[in-house]
Novice: 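Sending over a structure as structure tokens; questions will come in a sec.
Computed over heavy atoms, backbone and side chain alike; hydrogens, waters and symmetry mates excluded. What you are looking at is a predicted structure, and each value in this text was computed from that prediction instead of being measured.
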Amino acid sequence: MAMHEIETLVETSIRCLDNSQDAQADYRSLIFNLYQLQDSFDTGFTHFRVMDILIKHRYVYTFPITAHPAYLEHTAYFDGLAASQKFSFIYANPAKEWDATANPVAGYANYDHATGKYILYCDAGSLLWSAMVAAGTITGKDALAPEPMGFFHLALTITEYAAAQRDKELLGLWYLLLPYMVMQAEQDGIPIQTKDLETIFNIIISQDAIPHEGLPYVEDIPKGGELGAFCEWWYAPAKEWMPSEPEEEEIDLESIPFTQEVEKSAHWYSQQVVTLMEHATNAIQQMEDNGGGDAAAHQAVQQQLATALNYANKGLELAPGEPNLLMNKGSILMLLQDYPAAMACYDEALASAPTNPYVHLNRAILYYHMDQFREAKASFERLLQLEPSNEFAQQWLQHLREEGY
């Protein structure tokens, strides 16, 4: 699975928990274990995608930055963070550089655009949470550590909630992830909870939730031994959709006439669009640096953009609604100064990819070009909710504030 799919699995699982409304559930511990799972992969920091849910279920606690236990000892550091209004991880020892073992991340802080305050965030079970419990800042039930949970029992719990909500997409993501976790558990010597896996398997089958995409190549499935037997059983219902690894075929380019038409995929068109846009934007930058450029240079840029637009349209014919193609088409139209058509593309991309920070970024820039500065500010703020460390957005937002928006 790709790392963004792991992030989506965790985010969607948390939303599923929030929708379950189970009075007996320990949501706080379930969320804790989901992020423990995510942290075992090379994923990004995605808390802000579901921050309202994390706070609601007491997994995340918020305080003014002055509430940090080391604030008096490192006042200048924390005041500097607040003045910057930027997202920042806070290490166990704020005065020293990060080290995964000696000085790991303890908490984090970010500017809250809604309240205009700089907020300290503390996850249950984190080093900062432990320090605030020891200081008496966090008390009562909130001072109890989240309960660790075996991965397979966690997966069973989430899939049961997903089945109750008929969330086939989430069940499909767990179906794709579980074989990798079984392989990892076998390598680490962790007991594999066979009964939990059988129950999960039956839930996914009963919901007809086996995904038809994202499955591994048939050739990559382990053969022999207990792991091979598990994979044979697990993937049996998916075999008709499992792809075979394509054979690498050596192509004699000299034997292919340049006029020969070949079938092109949406991905091919997308790559061409990106390349043409890079050439066009570089040429525009050079013209600006050299006083505007001549007519031939302008004509060459217009031709590149026209070709890129044509390729984007052809790609979208093959993959209607594909967010990256829509986003790049919008960017081409923005460069061509067809702002309404560009916004229509960004809006369509946003509908299918509402948490994609690049869509929000492009919409914000387009709003700025359209002199709709308050809408631009709102889009930059939404981007920073999804990606708090985006310095480009921080700089634009600061500029808009200085202009009085």
Novice: Assess whether side chain to side chain contact (heavy atoms under 4.5 Å, CB included) is satisfied between Leu9 and Leu176, documenting all intermediate values.
Specialist: CA-CA 10 Å; Leu9 179 144; Leu176 295 174; over 6 Å; no
Novice: Check whether any side-chain N or O of Arg28 sits under 3.5 Å from a backbone N or O of Arg58 as a donor-acceptor pair, and report yes or no.
Specialist: yes
Novice: Evaluate Thr46 against Gln38 for side chain to side chain donor-acceptor pair (under 3.5 Å), listing each step before the verdict.
Specialist: CA-CA 10 Å; Thr46 60; Gln38 180 167 319; 3.0 Å; yes
Novice: Apply ring pair (Phe, Tyr, Trp, His ring centres under 6.0 Å) to Phe32 and list each qualifying residue two or more places apart in sequence or on a separate chain.
Specialist: none
Novice: Considering only NZ, NE, NH1 and NH2 on the basic side and carboxylate oxygens on the acidic side, decide whether Glu232 and Lys239 come within less than 4.0 Å.
Specialist: yes
Novice: Is the gap between the ring centers of Tyr405 and Phe380 under 6.0 Å?
Specialist: no
Novice: Between Ser126 and Cys122, is there a donor-acceptor pair closer than 3.5 Å when you use the side chain of the first and the backbone of the second?
Specialist: no
Novice: Parallel, tilted or perpendicular: which fits the ring planes of Trp241 and His212, with parallel below 30° and perpendicular above 60°?
Specialist: parallel
Novice: Please assess Phe230 against Leu178 for the test side chain to side chain contact (heavy atoms under 4.5 Å, CB included), listing each intermediate value before the final yes or no.
Specialist: CA-CA 11 Å; Phe230 164 79; Leu178 277 158; 5.6 Å; no
Novice: Run the ring pair (Phe, Tyr, Trp, His ring centres under 6.0 Å) test against Phe45 and tell me which residues pass, sequence neighbours left out.
Specialist: His47, Phe87, Phe89, Tyr108
Novice: Taking the six-membered ring for Trp, is the centroid-to-centroid distance between Phe373 and Tyr367 below 6.0 Å?
Specialist: no
Novice: Residues in ring pair (Phe, Tyr, Trp, His ring centres under 6.0 Å) with His360, at least two apart?
Specialist: none
